Structure formats: C-alpha cells, structure tokens
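Everything numeric here is computed off the predicted structure, so don't read it as measured data. As a basis for the values below, the full set of heavy atoms in this structure was taken, side chains included, without hydrogen atoms, waters or symmetry mates.
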Amino acid sequence: MSKEEMFKELSDAIVSCKQDLVLAVIEKAKSEGIAAPEIIEKGLAAGMNEVGIMFERGKLFLPHVMMASGAMEAGVKMLEDDMPTDAPSDKLGVIVNGTVEGDVHDIGKSIVSTMLQSSGFEVHDIGRDVPLQDFIAKIKETDANMVGMSALMTTTMPGQKEIIEMLKEQGLREKVKVMVGGAPATQAWADKIGADCYAENASEAVAKAKELLV
Ligand code: HCB
C-alpha cells in the first residue's frame, strides 16, 4: 500500500468513526516508517476536515462529529510518543497556547501544542474555553514571548482581538508575539486585528513561530 493510500484509509476511518481501524492503520503507518506529524496532518486531520465539510452540508450530525473527534483524539494520543525529538537543548521560546473563551474545540489546538513542543519550544497549553484574562495571567506567569490563540467559531473569534487589546493595555504587546489559528481565521483576519501571524495548520505554526522567535 502506498503512503497516499494509507493516508486515505486513515482519513476514511476517521470519517466513518472506526476507532479500531484508525489505530490499526496508524500502527501500519508507523511500521512503514512514516513520521508522526505527517500521519496526523495528512491522515487524521484530513479526515476531520472531511467530517467538518459533511457536517456543514448537513450530511451528518453532531453525534457523528463527536465520535469522529473521539477517534481522532485516540489516534493523536497513540502518536504522542513518536513525535520527533530533534529539539535543541536550549528552548527556542516560551509559548502559551489555548482555545479562547466560549469555544470547546481543541483538537487542532492540541496538535499545534504537541508539534511546537516537539520542535523545541516550551509550550504551556492552557486548554479550551479559556477565560481571556487567563491568557494574560499565564503569559505573565511563564514570561512567555508568544501566545497562540485558537478559535473555531465566528462567534468566538473576537476573543482573539480582545486578547491583543489586553496585551496592549498591560504594556505586553511589544514583548509578546501573537499567532492566531482555527478554521475561520485567515491572514486577512490576523492583519485586521493586528496579530503577528496566522497559521493554517500545525506545520505552519511551527515554521511561523521559528520565523518570529528564533
Ligand atoms: Co463544532 N463547529 N461545534 N464541534 N466542529 C464547527 C467548528 C463548525 C464550523 C461546524 C459548522 O456548523 N459548519 C461550527 C462553527 C460555526 C461558526 O463559526 N459559528 C461548529 C459548531 C456550531 C459547534 C457547536 C456550537 C454545535 C452545537 O452544540 N450545536 C458546538 C460548540 C460549543 C462551543 O464551543 N461552545 C460544537 C461542538 C463540537 C464537538 C464537541 C462535537 C467537536 C469538537 C471536539 C473537540 O475539539 N474536542 C466539534 C468539531 C470536531 C467540529 C468540526 C467538525 C471540526 C473541527 C476540527 O477538529 N477540525 C468543525 C468544522 C470545521 O472546522 N470546518 C465544527 C480538525 C482540526 C485538525 O483542525 O482547524 O481545529 P482545526 O486546527 C488546525 C488549524 O486551524 C490550526 O492548526 C490546526 C492543526 O492543523 N490551528 C492553530 C488551530 N488552532 C491553532 C492555534 C494556533 O496557535 C495556531 C494554529
């Protein structure tokens, strides 16, 4: 089976919520030497994106999305220990990453945290549905030089803007780089609210964090 066929099988297993099959295909992909980040992005996340499209078109309903999410989370967990450990001995930067208040979506945010961590950043993942002031508190507590904010809903995106305003009010904006992510975010949104960067996926989040901090 080619790499592409394996990614397709994995993506289809997510769409059909077959957790056992997801884990079996991951095992197969690992034994073929495929890197964990590639399995996550091209297999698992691709499947989850497909679920998103079908949900948006009304072709499947929330319980299905929840089951697919469960299969995705189990897959990511299985790959955690296989994330690359080519991190330099000195940390590249300190990043607080979380999903903004009112928003429980955290699959993508958690993948981003894992990938940033395995690339050499000290990451403080503060979870999902995080009160906006908690982002600021964590930035202060950890002396972070970057914040990543995830928002998956148009209704919660304004929280990203508010955090930027709070950073300005507290005199922290010059010191802390800001990254925004989540399906409805775009480069235009990042520009509009004055973020330093927008990351479409986890690999891009790592590349942009390196560009800004290293
Ligand atoms: Co949810 N949901 N959902 N949902 N959900 C969305 C987001 C909609 C777009 C679907 C739709 O209706 N079209 C929609 C939002 C519409 C809007 O904008 N207003 C929606 C809705 C409405 C809801 C509920 C309100 C549904 C309800 O209860 N009636 C409810 C939300 C309640 C709340 O938050 N208060 C809800 C619940 C759920 C779950 C629980 C069933 C489940 C989430 C499980 C979990 O996360 N633990 C869920 C899911 C899975 C989705 C979809 C189908 C997929 C999201 C996902 O995991 N994608 C999503 C549809 C979609 O996004 N198109 C749908 C896969 C990951 C890998 O992609 O985009 O999250 P990602 O992350 C990428 C990328 O954005 C970037 O890198 C990641 C990795 O590649 N990135 C960052 C993300 N965060 C970053 C942070 C950084 O610092 C940097 C980069």
Side-chain angles (χ1 to χ4, degrees), residues 40-41 44-45 48-49 51-53 55-56 62 65-66 68-70 72-73 76 92-117 119 121-213:
I40 291 177
E41 293 223 354
L44 298 175
M48 211 54 224
N49 287 334
V51 168
I53 292 166
F55 183 54
E56 273 154 39
L62 204 58
V65 177
M66 291 171 82
S69 303
M72 165 103 194
E73 278 161 2
V76 172
L92 300 179
V94 181
I95 305 178
V96 169
N97 196 35
T99 304
V100 300
E101 191 165 1
D103 198 323
V104 302
H105 298 89
D106 68 350
I107 295 174
K109 178 271 300 164
S110 301
I111 295 173
V112 169
S113 291
T114 307
M115 295 262 289
L116 285 169
Q117 194 143 23
S119 305
F121 294 93
E122 178 182 319
V123 180
H124 298 271
D125 187 323
I126 52 174
R128 60 186 181 174
D129 190 11
V130 179
L132 305 184
Q133 62 272 19
D134 289 7
F135 277 86
I136 307 295
K138 198 69 182 178
I139 288 165
K140 286 183 179 166
E141 180 198 321
T142 59
D143 202 18
N145 39 18
M146 185 170 213
V147 60
M149 303 180 285
S150 190
L152 266 285
M153 301 196 288
T154 45
T155 47
T156 54
M157 287 170 85
Q160 296 176 324
K161 183 172 186 291
E162 266 185 65
I163 291 172
I164 295 178
E165 295 309 319
M166 289 161 92
L167 286 171
K168 285 183 193 158
E169 280 159 23
Q170 308 249 350
L172 290 166
R173 184 64 188 96
E174 293 304 311
K175 183 183 167 283
V176 181
K177 301 288 181 200
V178 175
M179 172 155 67
V180 291
T186 57
Q187 185 58 54
W189 169 248
D191 294 342
K192 186 174 170 195
I193 64 173
D196 296 295
C197 71
Y198 154 68
E200 189 180 356
N201 53 46
S203 319
E204 214 174 282
V206 171
K208 298 218 167 151
K210 282 186 177 167
E211 238 172 76
L212 289 165
L213 297 182

side-chain contact (heavy atoms from CB on, under 4.5 Å) between I139 and L167, worked out: CA-CA 10 Å; I139 288 165; L167 286 171; 3.8 Å; yes
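The salt bridge (charged side-chain N to carboxylate O under 4.0 Å, His left out) test with D196 singles out one residue from R173, K208, K175, and that residue is R173.
The two residues G127 and D125 make their nearest non-hydrogen contact at N-OD1, 2.8 Å. Shown here for A151 and V100, the closest heavy-atom pair between the two residues is CB-CG2, 3.9 Å. Taking every heavy atom of both residues into account, Y198 and A190 meet most closely at CB-CB, 3.8 Å. What you find for V112 and A205 is that their closest heavy atoms are CG1-CB, 3.8 Å. In terms of heavy-atom proximity, D143 sits nearest to V94 at O-CB, 4.4 Å. Nearest heavy-atom pair, A209 versus I95, reported as atom, atom and distance to 0.1 Å: CB-CD1, 4.1 Å.
Rounded to the nearest 0.5 Å, atoms OG1 (T186) and CG (D191) are 8.0 Å apart. Here H105 contributes atom NE2 and T156 contributes atom OG1; the two are 8.5 Å apart, rounded to the nearest 0.5 Å. Within the model, atoms NZ of K140 and CG of L172 stand 6.0 Å from one another, a figure rounded to the nearest 0.5 Å. Note: E162 CD to M149 CE = 10.5 Å, rounded to the nearest 0.5 Å. To the nearest 0.5 Å, the span separating CG on L116 from CE on M146 amounts to 8.0 Å. Rounding to the nearest 0.5 Å gives a distance of 4.0 Å between CD1 of I107 and OG of S69.
Residues M72 and I111 have side chains in contact (heavy-atom distance under 4.5 Å, counting atoms from C-beta outward). Between F135 and M166, every side-chain heavy-atom pair lies at or beyond the 4.5 Å cut-off. Contact check for V51 versus M48: side-chain heavy atoms found under the 4.5 Å cut-off. Between E101 and D129, some side-chain heavy-atom pair lies under the 4.5 Å cut-off. In this structure, N145 and L213 have side chains that are in contact, with non-hydrogen atoms separated by less than 4.5 Å. Between L212 and C197, some side-chain heavy-atom pair lies under the 4.5 Å cut-off. With contacts defined as side-chain heavy-atom distances shorter than 4.5 Å, the pair V96/V176 does not qualify. Taking the side chain as every heavy atom from C-beta outward, T99 and V104 never approach each other to under 4.5 Å.
Side-chain atoms of S113 and N97 form a donor-acceptor pair, as typed in the model, at a separation below 3.5 Å.
A donor-acceptor contact shorter than 3.5 Å is absent between the side chain of Q160 and the backbone of V180. Proximity of a side-chain donor or acceptor of D103 to a complementary backbone N or O of M153 within less than 3.5 Å is detected.
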